[in-house]
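Below: one structure, written as structure tokens.
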Amino acid sequence: MTDQLPTTFSPADIEARWYQHWEEKGLFRPERPDAEPFTIVNPPPNVTGSLHIGHALDNTLQDIVVRYERLRGKDALWVVGTDHAGIATQMVVERQMEERQDKRTNYSREDFVDKVWEWKHESGGTITRQLRRLGCSMDWSREQFTMDEHFTKAVLKTFVDLYNDGLIYRDKRLVNWDPKLKTAISDLEVETQDLKGSFWHFKYPLEDGVTLADGRDYIEVATTRPETMLADMAVAVHPTDERYASVVGKHVVLPITGRKVPIVADEHADPELGSGAVKITPGHDFNDFEVGKRAGIAAADMLNMLDGEANVCQTSDGLVPEEFLGLHRFKRAKEDGGTPGARELVIERLKEQGFLIPHIAKTKKGEEQELDAEPRTIATPFGDRGGVVIEPWLTDQWYVDAEKLAAKPIEQVKSGEIEIIPQSWEKTFFNWMENIQPWCVSRQLWWGHRIPAWFDDQGEVYVALSEEEAQSKAGAGVTLTQDPDVLDTWFSSALWPFATLGWPNETDLLEKHFPNNLLISGFDILFFWDARMMMMGQYNMGQAPWPKLYLHGLVRAADGAKMSKSKGNVVDPLGLIDEFGADALRFFMAAMESQGRDIKMDNERVKGYRNFATKLWNATRFCQSNGIGASRTLAAPEARLAANQWIIGEVQQTVEALDAAMADLRFDAAANTIYQFTWSRFCDWYLELIKPLLVKDDDQPPAPPAIIAETREVAGWALDQILVMLHPFMPFITEELWAAQGNLNGTDRSTYPLITAKWPNPRAEVSKEATDAIDWTIEFTTNARAARNELGIAPGTKLRAVVPDPSPMAMKVFAGNGAAAIERLSKVGPFMMIGEIGENNVPGPTPKPAMEITAGDDVILVDLAGVIDVAEEKARLEKAMAASIKEAKTLEGRLGNANFVERAKPEAVEKAKADFAHHSAEAERLTAALARLG
RNA sequence: GGGCGUAUAGCUCAGGGGUAGAGCACUGUAUUGACAUUGCAGGGGUCCCAAGUUCAAAUCUUGGUACGCCCA
């Protein structure tokens, strides 16, 4: 801790020091056994991850809330930990192996998993270090990991319970298969992209001499995936389609494979699309799977023509010609050294055999042109991790009956038991939850929670918490093999709000901190995580995991584009912290976070908040050099001086506004409130108002010692209130200044650090007279400065003034210590108060030429003799007069409207009348002033 | 195809039935005195368009346009 503040604020010099101090002293979670709990859980970042700008936003918002609640005295707990992130982590370790010409399959499963653990211990701490740099006040003493022993216990119990309740089941159906990662993934992990593709038309010859009504001996089908015809099992037409009515129930013989397949009637076939007939590949298309089932084909009998890497393999009926086996599903020859993919070869063979119907297109010149296929935009599914096209693939997987689990959360959001902020997300939430599909939770990976299911030789499954238990279910002597698959990462993170607190054990922590109070997350994980926590919270705990869900947007690049590594427009939050300080970055995030909108990155704005920190630093230095140190009371000190009373009142209003903003989770409003107060009120006015009392000025008599003492006390108190209120947003600089203020006047703050200080509670009575006096002073000063600027009067020129008919307010301002402040701020003075001066002490004549400055009800005449050309002052007055006349006319028109006077709210009419009176009087006054100038 | 969001100053954004605000940028000006990472002052807006409701619409309603996102 420094004795004297350095002249410039350097964030890097204080951040690490304070963070370490807080963490070492256990200040992120001081013991408060009797305090009201406040709990949030951090969305566990991937253990492989590093801090990106979205984390910075998400965690800043959470830290603001947690620090705020901690300052308000609550037993604030911010649960932190990391997610094992099955696919991502396994990919990272495999990639490193590849760099060493090594691969996963060179190891046994156990050895590979050991290697991942090793990697986790060595490199898994990056993101947690980075969260510390951001200043996040999480409870690191209880850092969690989704594969910790106790967490794993929670995962297994949940699986087994869901299974026993019939909410998890094994099913053979099409899944989204990632041929690169060779695992199933859930619907949510599939991202659809529009790609340019083609639409091919084929002839499928009719069997047994059957023809269509128009005599054709074939059915035309169209497809965007010609290669799948190798596993076609039917052709579907719409039941009401007259063109095909005669052939429903008949067969076609497929080209290439020679497979004989039925023509079925099914509503899936769209008569408007293409020929109205569609080829059906139940094993490789989600719609066709349903058509196939309706046509009576059991899942187990559906033909599969692709292996796990999506290369062609033999179908169970053995009809795929040799030359296709092993081919890539759709890679093109020129991309692969001359080997055609299955798609290309299918087209080639169909064309050779006359089964391809060319597409007739017109060239730009209007000439007809024959193409193999019709160009088309195709919505293509990609795996979000592997980045390759997803293949619908027929496998056995574990599914969670999400529809049943979703029922209660839907109700809870509808009833308001769970509030989603901003509310506009509710519709999206309902739309997804009400149409939710079974959740595929098994993954063909090695890293993750192994599924607690064992199979015997007959394929019978035993789900149990342990192998022993499974064995006892199966009976002694039965050989059991555990399911090799692991669970979807999101299955375990869905348990985060309670498994991190000890569940399934009944711990005190769980008792006290579940349900949590709030969840803050990006909207991008609303379905992945938030919704699933609701389901699992309800299932395991019988209630919602939190009553409030706050969803924030994305941080976008400066041009509004989504940040992505591939675009190279990613902004590194650590770089911003290095450049501007963590406090500035945090304040930026808060100030930009308005509900329901994404944040565009703006380095200039971050810089602006760095400047704000510097401003506060320098204001504190000013206080220190004038003997203003730490306050010793939470309540506002007794104050007599108007400026002191005024700032106390301003603090009070600021706390109220801040509390209101925080209650509504309006981070932008909260940040702006404290920003404006600190800079525009405290620095720009209050410190300037009290300067004459503190700084020696030969022209002014020194202020009474009692007033000086009071001022020091109030100023120190007000600064402390700023530090407390600003602390959630800018924890580092505020803690540094808090300590420095304590050091200055020997207030021991080592046992009362800012992070666990008390939230302001001024409870002060402020006289309206005092605040009015300061408002008067500010108004006069502002008007005088504007007039001086407009007339081009040199800033240093001091101007004598006369107040011909001072109001009681003016009398009060000048009778107190206001005169010195006004003279200093406006460079106007000394003032002659004519009303105050007796007959025998008449000052000189009213100054001429004079400029008229108003404040409240007063008109002050400022002597311009020898200072300025009269014409310029006339121009100024004329401009002001024109403005007043315009305003008055508008108001006069409104007041002349009978409808307005009769129907408008009385307050509106009153206000219009008052404004009209004011502006007409002003216009009159200015007319008179112009006349006086001649 | 369905849903959602956004449109306000040059830029990034608040606000909101009674003629508009912030930060940055811009212009003028000030430098021994907390701070030039500063002070003071100033210019700058048909609040996307149209219709409706209303005494009054930038604000509410409806329709449109543009951009963005999500789902199918």
Side-chain angles (χ1 to χ4, degrees), chain A residues 5 7-10 187-188 190-192 286-287 379 422 424-432 435 523-524 526-527 553-554 556 558-562 580-581 584 587-588 591-626 628 666 668-669 671-673 675-676 679-680 683-684 687-688 691 694-697 781-796 825-827 886-887 890-891 893-905 907-912 915:
Chain A
L5 291 170
T7 47
T8 38
F9 167 50
S10 162
D187 298 346
L188 282 177
V190 175
E191 285 171 359
T192 308
F286 287 101
N287 287 316
S424 53
W425 281 104
E426 280 185 2
K427 271 200 177 175
T428 310
F429 174 80
F430 290 136
N431 187 40
W432 188 71
N435 296 294
F523 66 73
D524 51 331
L526 172 59
F527 305 141
L554 253 48
R556 297 177 169 277
D559 62 359
K562 204 168 164 175
F580 303 112
F587 205 90
F588 166 79
M592 298 305 286
E593 174 58 21
S594 59
Q595 293 174 3
R597 194 196 264 267
D598 286 345
I599 293 177
K600 274 188 207 168
M601 200 54 229
D602 181 358
N603 283 20
E604 283 306 301
R605 191 121 180 188
V606 184
K607 187 172 153 191
Y609 293 124
R610 188 270 320 260
N611 295 355
F612 174 58
T614 306
K615 183 78 182 176
L616 178 67
W617 184 268
N618 283 308
T620 307
R621 285 182 57 232
F622 170 79
C623 288
Q624 297 223 320
S625 62
N626 286 286
I628 295 166
R666 286 305 308 250
D668 56 343
N672 287 327
T673 297
Y675 180 96
Q676 292 297 339
W679 202 317
S680 309
C683 291
D684 288 350
L687 291 184
E688 296 303 329
K691 260 182 193 172
L694 304 168
V695 179
K696 225 176 79 185
D697 183 342
T781 304
T782 306
N783 289 344
R785 283 168 173 172
R788 292 179 63 116
N789 247 291
E790 206 169 334
L791 296 180
I793 299 169
L825 295 173
S826 65
K827 295 279 167 48
K886 190 180 165 216
E887 282 293 327
T890 307
L891 290 161
R894 194 182 300 166
L895 288 164
N897 180 347
N899 277 329
F900 172 70
V901 179
E902 282 161 26
R903 301 200 202 180
K905 282 178 296 187
E907 308 94 86
V909 178
E910 279 314 304
K911 186 173 182 306
D915 288 351

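Reckoned from all heavy atoms, side chains included, excluding hydrogens, waters and symmetry mates. Numbered from 1 within each chain, the chains take letters A, B, ... in sequence-line order. What you are looking at is a predicted structure, and each value in this text was computed from that prediction instead of being measured.
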Asn435(A) side, atom CG; Phe430(A) side, atom CZ - distance, nearest 0.5 Å: 12.5 Å
When all nucleic acid strands are considered with a 4.0 Å heavy-atom cut-off, which category describes Thr192(A): base, sugar-phosphate, or nothing? nothing
Quick note, Asn618(A) side chain, CB onward, closest among C35(B), A22(B), G18(B) is C35(B)
Whole-Å P distance, A51(B) and A56(B): 15 Å
Between the side chain of Arg788(A) and the main-chain N/O of Pro795(A), is any donor-acceptor distance below 3.5 Å? yes
Are any protein N/O atoms closer than 3.5 Å to N/O atoms in nucleotides 4-7 of chain B? If there are, list each pair with its distance.
unit_1, atom_1, unit_2, atom_2, d
C4(B), OP1, Lys427(A), NZ, 2.7
U6(B), O3', Arg597(A), NH2, 3.2
A7(B), OP1, Arg597(A), NH2, 3.2

Closer to the 5' end of RNA chain B via nearest nucleotide, is it Thr614(A) or Met592(A)? Met592(A)
Using atom CG of Asn435(A) as one end and atom C1' of G2(B) as the other, report the distance to the nearest whole Å. 11 Å
Please report the interatomic distance CG(Asp684(A)) to CD(Gln676(A)), rounded to the nearest 0.5 Å. 9.5 Å
Please report the distance separating the C1' of C60(B) from the corresponding atom of G15(B), rounded so that it comes out in whole Å. 16 Å
Any base atoms under 4.0 Å from Asn897(A), or only sugar-phosphate, or nothing? Heavy atoms, all strands. sugar-phosphate
Determine the contact category for Arg785(A): base if any of its heavy atoms lies under 4.0 Å from a base atom, sugar-phosphate if only primed atoms, P, OP1 or OP2 are that close, otherwise nothing. sugar-phosphate
Give the nucleotide from the list G18(B), A34(B), U37(B) with an atom nearest to the side chain of Ala908(A). G18(B)
Examine Lys691(A) relative to Phe622(A) and say whether NZ or CZ is less than 6.0 Å from the centre of the six-membered ring and inside a 45° cone about the ring axis. yes
When the distance from CG of Asp187(A) to P of C70(B) is rounded to whole Å, what number comes out? 16 Å
Could you tell me if the side chain of Phe9(A) sits less than 4.5 Å from the side chain of Thr620(A), heavy atoms only? no
Rounded to whole angstrom, note down the P distance from G42(B) over to U6(B). 34 Å
Could you check whether Lys607(A) gets within reach of a base, just the sugar-phosphate, or nothing at all, counting any heavy atom under 4.0 Å? nothing
Taking atom types as modelled and ignoring hydrogens, do the side chains of Arg894(A) and Asn897(A) form a donor-acceptor contact shorter than 3.5 angstrom? no
Sugar-phosphate only, base, or nothing, as touched by Cys683(A) at under 4.0 Å among non-hydrogen atoms: base
In this structure, which one of Trp679(A), Phe580(A), Tyr675(A) forms a ring-ring contact (aromatic ring centres under 6.0 Å, His included) with Tyr609(A)? Tyr675(A)
I'd like the C1' distance from G52(B) over to A57(B), given in whole Å. 11 Å
Tell me, which stems hold RNA chain B, with a stem being 3 or more Watson-Crick or G-U pairs in a row and both distances under 3.5 Å? B:1-7 with B:65-71, B:10-13 with B:21-24, B:26-30 with B:38-42, B:48-52 with B:60-64
What's the closest nucleotide to the Tyr675(A) side chain, out of G18(B), A14(B), G23(B)? G23(B)
Pairwise distance CG(Asn618(A)) to CG(Leu687(A)) - rounded to 0.5 angstrom: 11.0 Å
Distance col, row Ser826(A):OG vs Asn783(A):CG, nearest 0.5 angstrom, shows 10.5 Å
Is Lys615(A) side chain donor-acceptor paired with the A36(B) base, going by distance under 3.5 Å alone? no
Min side-chain heavy-atom separation Thr8(A)-Trp617(A) under 4.5 Å: no
Kindly indicate whether the side chain of Glu688(A) and the base of A34(B) share any N or O donor-acceptor pair separated by less than 3.5 Å? yes
How many Å lie between CZ on Phe612(A) and P on A22(B), as a whole number? 16 Å
Sticking with atom C1', work out how far U59(B) lies from G1(B), rounded to a whole angstrom. 33 Å
dist Arg556(A):CZ -> Lys562(A):NZ (nearest 0.5 Å) comes out at 7.0 Å
Whichever of Phe523(A) and Ala591(A) has the more 5' nearest nucleotide on RNA chain B, that residue is Ala591(A)
Among G23(B), A41(B), U37(B), which nucleotide sits nearest the side chain of Asn611(A)? U37(B)
Touch check for Asp684(A), heavy atoms < 4.0 angstrom, all strands: base, sugar-phosphate only, or nothing? sugar-phosphate
What's the closest nucleotide to the side chain of Ser594(A) if the choices are C35(B), G18(B), C13(B)? C13(B)
Mind checking the P distance from G23(B) to C35(B)? Whole angstroms is fine. 22 Å
Taking the side chain from Arg605(A) and the backbone from Ala591(A), do they hold a donor-acceptor pair closer than 3.5 Å? no
Can you tell me the distance, in whole Å, between the CZ atom of Phe9(A) and the P atom of C35(B)? 17 Å
Any side-chain heavy-atom pair of Cys683(A) and Leu616(A) under 4.5 Å: no
Arg610(A) near the nucleic acid: base, sugar-phosphate alone, or nothing, with a heavy-atom cut-off under 4.0 Å? base
Give the rounded distance in Å between these two atoms: NZ of Lys600(A) and C1' of C69(B). 14 Å
Nearest to the side chain of Arg894(A), which nucleotide is it out of U38(B), C70(B), U19(B)? U19(B)
Is the side chain of Asn626(A) donor-acceptor paired with the backbone N or O of Ile628(A) at a distance under 3.5 Å, no angle test? no
What is the distance, rounded to the nearest whole Å, between atom CZ of Arg556(A) and atom P of C69(B)? 6 Å
Take the protein atom CG of Asp668(A) and the nucleotide atom P of A14(B), then report the distance between them rounded to whole Å. 7 Å
Considering only nitrogen or oxygen atoms on both sides, find all protein atoms under 3.5 Å from nucleotides 27-31 of chain B and state each distance.
unit_1, atom_1, unit_2, atom_2, d
G28(B), N2, Asn789(A), OD1, 3.3

Using atom C1' of each nucleotide, how far apart are A22(B) and G16(B) to the nearest Å? 15 Å
Interatomic distance where CZ belongs to Arg788(A) and C1' belongs to G39(B) [whole Å]: 14 Å
Answer yes or no: is there an ion pair linking Asp598(A) with Lys600(A), defined by an N-O contact shorter than 4.0 Å? no
With a non-hydrogen cut-off below 4.0 angstrom, is Lys691(A) in contact with a base, only sugar-phosphate, or nothing? base
Pick the P atom in G21(B) and in C47(B), then give their distance to the nearest Å. 14 Å
